[in-house]
There are 2 protein chains.
Amino acid sequence: MKNTKQRELILSELRKLKTHPTAEEFHKILKKKDNNIGLCTIYRNLESFYEQGLIGKINTKPAKYDGDLSSHSHIRCISCGKIHDIFFSVPINKVEIEKLGYKLQGYKIEINGLCSSCAKTKKRREKNV
Amino acid sequence: MKNTKQRELILSELRKLKTHPTAEEFHKILKKKDNNIGLCTIYRNLESFYEQGLIGKINTKPAKYDGDLSSHSHIRCISCGKIHDIFFSVPINKVEIEKLGYKLQGYKIEINGLCSSCAKTKKRREKNV
DNA sequence: ATGATAATGAAAATCATTTTCAATTAGGAT
DNA sequence: ATCCTAATTGAAAATGATTTTCATTATCAT
């Protein structure tokens with residue numbers, strides 16, 4: 001694997017963010033630093049970083065990426081799709097997993113709720129929760 | 001909402017399954033009972049049942065649907081994508097959620113691991129974990 | 001510096017899902 | 001039971017996100 005400036009930019013800039021951008025949102029952000037960077041390069045590298053376990057990925061549609069690997073979960077507003085970090089630990093029962101013959105690799109908790117601003121202005125529910 | 005035979009078929013047949021079919025897999029199954037049923041009808045109704053909270057949905061790509069609403073989680077093989085039910089409870093900290101101003105609606109735990117048969121025959125990792 | 005190899009960006013392709021739309025059907029009113 | 005209306009269906013086209021292809025460019029070990 002080669003160390004390109006795009007790859008470095010993608011990883012370092014994602015790590016600076018406290019938000020969880022989609023590939024397209026992130027593309028807009030990165031264009032400010034490298035106006036020529038392509039959206040597919042971003043997709044490619046985000047996926048590759050995710051597969052290497054260097055960043056997190058949230059299963060929304062479009063997917064959102066997370067530069068923060070510290071152990072935390074996300075709560076997602078079922079109305080506006082906004083995502084907040086939420087910190088708590090969950091005891092995963094390894095025994096149960098091993099009984100099924102699986103080797104645990106990792107887990108994600110996705111919590112859905114209604115955020116306060118959407119609770120006021122009742123909007124219709126977003127898709128792909 | 002009208003009670004069509006397609007709608008009834010979709011819900012009753014999904015509830016009979018112990019597996020978690022994708023819309024397309026489910027379409028093949030249902031064609032045996034109603035050869036004319038369309039894939040988009042299946043998509044439409046599965047989504048609608050899911051939004052009504054009548055069935056479960058697993059965030060894979062393609063999505064998988066689950067007729068079993070009893071409280072359980074899924075473990076997914078990172079290599080072949082197979083999904084097993086896994087039963088254990090997780091204490092979700094409501095206080096933390098309310099502190100952020102959210103009203104809890106539900107949560108899912110997605111566990112990733114390597115199943116025993118893939119552990120033997122090392123295959124490449126599937127996407128969209 | 002050179003060459004081999006991998007990564008890039010643009011465009012096209014793909015895949016899952018959703019929308020459109022004309023035809024059909026369900027279910028209440030008659 | 002028949003009629004009427006609105007909702008649902010299936011087929012096809014459209015969409016949106018992501019991935020692939022491919023010619024060009026950049027990286028890095030030598």
Side-chain angles (χ1 to χ4, degrees), chain A residues 1-14 20-52 54-66 76 81 83 124-129, chain B residues 1-14 20-52 54-66 76 80-81 83 110 124-129:
Chain A
M1 189 188 297
K2 280 176 183 173
N3 240 21
T4 62
K5 61 179 168 48
Q6 291 91 334
R7 208 187 294 258
E8 275 174 45
L9 183 69
I10 289 168
L11 189 54
S12 68
E13 290 297 313
L14 186 67
H20 311 92
T22 65
E24 209 142 2
E25 286 162 358
F26 195 40
H27 186 214
K28 279 180 195 145
I29 293 169
L30 292 183
K31 279 199 143 191
K32 289 168 193 161
K33 306 261 172 176
D34 171 358
N35 187 55
N36 218 41
I37 195 166
L39 176 57
C40 64
T41 299
I42 292 171
Y43 267 111
R44 245 185 310 236
N45 285 306
L46 286 176
E47 271 310 302
S48 133
F49 290 143
Y50 174 64
E51 279 169 23
Q52 294 170 250
L54 295 173
I55 64 172
K57 181 179 177 183
I58 307 174
N59 253 340
T60 47
K61 200 169 125 193
K64 298 180 182 188
Y65 295 89
D66 189 352
R76 178 181 184 286
I83 290 194
R124 73 180 175 294
R125 175 169 173 169
E126 249 207 3
K127 304 257 177 118
N128 306 304
V129 178
Chain B
M1 189 188 294
K2 280 179 186 174
N3 240 22
T4 62
K5 62 178 166 49
Q6 291 92 333
R7 207 186 295 258
E8 276 174 44
L9 184 70
I10 290 168
L11 188 54
S12 68
E13 290 297 312
L14 186 67
H20 312 90
T22 64
E24 209 141 1
E25 287 163 356
F26 196 39
H27 187 214
K28 279 178 196 147
I29 293 169
L30 291 182
K31 278 197 146 193
K32 289 170 194 163
K33 306 261 172 179
D34 172 358
N35 188 54
N36 218 41
I37 196 166
L39 176 59
C40 64
T41 300
I42 292 171
Y43 268 110
R44 246 186 309 237
N45 285 305
L46 286 175
E47 271 310 302
S48 134
F49 290 142
Y50 174 65
E51 279 170 23
Q52 294 170 253
L54 295 173
I55 64 173
K57 182 179 176 182
I58 307 174
N59 253 341
T60 47
K61 200 168 127 194
K64 298 181 183 190
Y65 295 87
D66 188 351
R76 180 180 182 288
C80 66
I83 290 193
E110 70 176 68
R124 72 179 175 296
R125 175 168 173 171
E126 250 208 1
K127 305 256 177 121
N128 305 301
V129 180

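Hydrogens, waters and symmetry mates are skipped; everything else that's a heavy atom, side chains included, is used. Chain naming here is simple, since letters A, B, ... match the order of the sequence lines and numbering starts at 1 in each.
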Which residue lies more 5' along DNA chain C, comparing B:Asn3 with B:Thr22 via nearest heavy atoms: B:Thr22
So do [Y] and [X] actually touch side chain to side chain, heavy atoms under 4.5 Å?
| X | Y | value |
| --- | --- | --- |
| B:Glu47 | B:Tyr65 | yes |
| A:Thr41 | A:Arg44 | yes |
| A:Pro21 | A:Leu14 | yes |
| A:Arg76 | A:Lys64 | no |

DNA chain D-proximal residues of residues 29-45 of chain A, any heavy atom under 4.0 Å: A:Cys40, A:Tyr43, A:Arg44
Side-chain donor or acceptor of B:His27 paired with backbone N/O of B:Ile37 under 3.5 Å: yes
Test item: B:Arg7 side-chain N/O and B:Asn45 main-chain N/O as donor-acceptor pair under 3.5 Å: no
Separation of B:Glu25 CD from B:Ile42 CD1 (nearest 0.5 Å): 11.5 Å
Axis deviation across the helix from C:dA1-D:dT30 to C:dT30-D:dA1, five-pair ends, to the nearest 10°: 40°
Check: A:Tyr43/A:Glu24 side-chain N/O donor and acceptor closer than 3.5 Å: no
Donor-acceptor pair under 3.5 Å, A:Lys2 side chain vs C:dT5 base: yes
Which atom of A:Thr22 lies closest to which atom of A:Pro62, heavy atoms considered: CG2-CG, 3.6 Å
Contact list for DNA chain C against residues 4-13 of chain B - heavy-atom distance below 4.0 Å: none
Spacing of A:Glu24 atom CD relative to D:dT19 atom P, expressed in whole Å: 13 Å
